[in-house]
Amino acid sequence: MKLTTWLNSALIITSIAFIPGIAGAQTANTNNGGGQINTDAKYLQPFNIAFLAYQGYLKEQGIPSGGTLLFKYQTGNLTAEDIVQAAVKANKLPAQVLNDSSYVNAVELQLTSMGSTNDSCN
């Protein structure tokens, strides 16, 4: 079995196990006044936001899922900031996250990684 096939299988199994908890996660409304996110707050990590978008949990906010999401991201028609904004609208993240460039950059890194993994499977 190819390593990429094995890794993709492991990712799918892991995602099936965790997606119900991730999709239903509640967010904390934190405000520490500095434009930075309170690291003690319980909110979804960048990987989880990118994965929720990929799985279609942000469709109501206008974010496509699956291959369409990756294609639009790779062609510049969708940004990590768009996905973070959609997650805020879906009440998956507090609004302050939009001011945290490191969080948005981490979502971008996850999207890039998803696109790279998807490309290597073809």
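Just so you know, residue 1 is the first one in the sequence shown, and it goes up from there.
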Please report the C-alpha distance between Phe51 and Gln110 in whole Å, then the side-chain angles of each, then the deciding distance to 0.1 Å, and finally whether the side-chain contact (heavy atoms from CB on, under 4.5 Å) criterion is met. CA-CA 8 Å; Phe51 192 72; Gln110 294 301 324; over 6 Å; no

Heavy atoms of Val88 and Pro94 approach each other most closely as CG2-O, 3.7 Å

Identify, with sequence neighbours excluded, every residue that meets side-chain contact (heavy atoms from CB on, under 4.5 Å) alongside Thr68. Pro64, Lys72

Does the side chain of Val107 reach to within under 4.5 Å of the side chain of Phe47, using non-hydrogen atoms? no

Without placing hydrogens or testing angles, list every side-chain donor-acceptor pair under 3.5 Å for residues 77-87, not counting sequence neighbours.
{"from": "Asn77", "atom 1": "ND2", "to": "Thr75", "atom 2": "OG1", "distance (Å)": "3.0"}
{"from": "Thr79", "atom 1": "OG1", "to": "Glu81", "atom 2": "N", "distance (Å)": "3.4"}
{"from": "Thr79", "atom 1": "OG1", "to": "Asp82", "atom 2": "N", "distance (Å)": "3.1"}
{"from": "Thr79", "atom 1": "OG1", "to": "Asp82", "atom 2": "OD1", "distance (Å)": "3.4"}
{"from": "Thr79", "atom 1": "OG1", "to": "Asp82", "atom 2": "OD2", "distance (Å)": "3.1"}
{"from": "Asp82", "atom 1": "OD2", "to": "Thr79", "atom 2": "N", "distance (Å)": "2.9"}

Of the non-hydrogen atoms in Tyr54 and Met114, which two are nearest, and what is the gap between them? CB-CE, 3.8 Å

Report the distance from atom CG of Leu52 to atom CD1 of Ile63, rounding to the nearest 0.5 Å. 12.0 Å

N/O donor-acceptor pair under 3.5 Å between Asn105 side chain and Ser101 backbone: yes

Does the side-chain contact (heavy atoms from CB on, under 4.5 Å) test come out yes or no for Ser65 and Gln55, once each step is laid out? CA-CA 6 Å; Ser65 63; Gln55 291 295 314; over 6 Å; no

Nearest 0.5 Å, please: how far is CD in Gln45 from OH in Tyr103? 6.5 Å

